[in-house]
Amino acid sequence: MAIILDGKKLRDKIFEELKTKINKMPQKPSLAVILAGNDPSSRIYVNNKKKTAEKLGINSIVIEYPSDVSQNELLKKIEELNNDENITAILVQLPLPEHIDKNTVIDAISPQKDVDGLTSYNSGKLFAGEKPYVYPCTPKGILLLLDEYNIEIEGKHAVVIGRSNLVGKPVSQMLLNRNATVTICHSKTKNLSDITKTADILISAVGKNVVGEKFIKNNCVVVDVGIFRDENGKLRGDVEFNEVSKSASYISPVPGGVGPMTIASLMLNTAELFNRSQISF
Ligand code: NAP
């Protein structure tokens, strides 16, 4: 039976250490979150981020806009936050309302305050194999989880299912930067299971039930990023957990795997950007 990659346990350890560090800081990091529209899941995520930040001693503000907010208004607010010395990290909650160009808005964030690591500057650094100000939260959380369990990455064949800018592409690049041999799969990939069966490490970031027991070889490390509700309203991941955990060596559960690591990485990134802002003054 596979060993569980316990994201909750590692998140709690990270929070404990972070809280102690922040407690000792004379000034505190501050995170500004922009929420546009009334997507109920986004509201829950934003509230969780705010509550978690506050528990750790991070100042947190949420700036809300109705779904008909103009792109210019968002850009103006971001400029204001970029110039505000009291704000050290900025996050734009996705998805944005459809009439807004997500990339333009994200790129308006100063790279030094881009806590999600999604601006062209930070992703450009990542894809050039250089150090961005911070790494995107979910991919960073996945790598922290693998490292916590001493899972070797160098020389391994990592297969990533999903090629989004948020998860699939950056996690693939981070694995490549750590000398894995990386294959990226997506909705047009043919014979998916033939490829996944050659994986030493399989990362699934789809949001659909795609990975069954026939998709993995023995002792594969399986990281399930996907999260969605099935037809019965049950929260689940991409991977058939019960089947796959029989032959995997390690597996991350949903919930309790990558999700907690994403919020842990967000808080780590907030603290990192703050520390760097103090050095540059
Ligand atoms: P996304 O932008 O919708 O990307 C999904 C990817 O899956 C796309 O690249 C798509 O391929 C691919 N795909 C779709 N159907 C497929 C299939 N049948 N076989 C192979 N590939 C397929 O989603 P995302 O933002 O990357 O997120 C992925 C999942 O992770 C979602 O469930 C999301 O909720 C979850 N997530 C969880 C966390 C967390 O903290 N736990 C964080 C972020 C995301 P194409 O490019 O060809 O369309």
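Ligands are counted one by one from 1 in listed order, and the atoms in each one are counted from 1 as well.
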> Between ligand 1 and Ser164, is the shortest N or O to N or O distance under 3.5 Å?
yes
> For Ile227, is at least one N or O under 3.5 Å away from an N or O on ligand 1?
yes
> For ligand 1, does Thr189 get within less than 4.0 Å through its side chain, its backbone, both, or neither, judged by non-hydrogen atoms?
neither
> If you count the atoms of ligand 1 from 1 in the order shown, which ones are under 4.0 Å from a heavy atom of Lys208?
14 (C), 15 (N)
> Is Asp238 in polar range of ligand 1, meaning some N or O pair under 3.5 Å apart?
no
> Would you mind telling me if ligand 1 is within reach of the side chain of Met261, the backbone, both or neither, using heavy atoms under 4.0 Å?
neither
> Select one of side chain, backbone, both or neither to describe which atoms of Thr138 lie under 4.0 Å from any atom of ligand 1, heavy atoms only.
side chain
> Side chain, backbone, both or neither: which applies to Val225 and ligand 1 if a contact is any heavy-atom pair less than 4.0 Å apart?
both
> Identify the protein heavy atom lying closest to atom 18 (N) of ligand 1, giving its residue, its atom name and the separation to 0.1 Å.
Val210 CG1, 3.8 Å
> Using a 4.0 Å cut-off to any heavy atom of Leu166, which atoms of ligand 1 qualify?
25 (O)
> List ligand 1 atoms under 4.0 Å from Val167, heavy atoms only on the residue side.
26 (O), 43 (C), 44 (C)
> Can you list the atoms of ligand 1 that are under 4.0 Å from a heavy atom of Gly162?
6 (C), 7 (O), 9 (O)
> Taking NZ, NE, NH1 and NH2 as the nitrogens, is one of them in Glu80 or Lys77 under 4.0 Å from a carboxylate oxygen of the other?
yes
> For atom 16 (C) of ligand 1, which of the options Val206, Asp224, Val258 provides the nearest non-hydrogen atom?
Val206
> Tell me: protein heavy atom nearest atom 45 (P) of ligand 1, and distance?
Ser187 OG, 3.4 Å
> Just jot down the ligand 1 atoms closer than 4.0 angstrom to any heavy atom of Thr262, in number order.
39 (C), 40 (O)
> For the atom pair CD1 (Ile58) and CD1 (Ile22), what is the distance rounded to the nearest 0.5 Å?
4.0 Å
> Run the numbers for me: atoms of ligand 1, each under 4.0 Å from some heavy atom of Ile161, listed by number.
20 (C), 21 (N)
> Ignoring hydrogens and geometry beyond distance, is a side-chain donor-acceptor pair present between Ser204 and Asp238 at under 3.5 Å?
yes
> Do NZ/NE/NH1/NH2 and the carboxylate oxygens of Glu152 and Arg178 come within less than 4.0 Å?
no
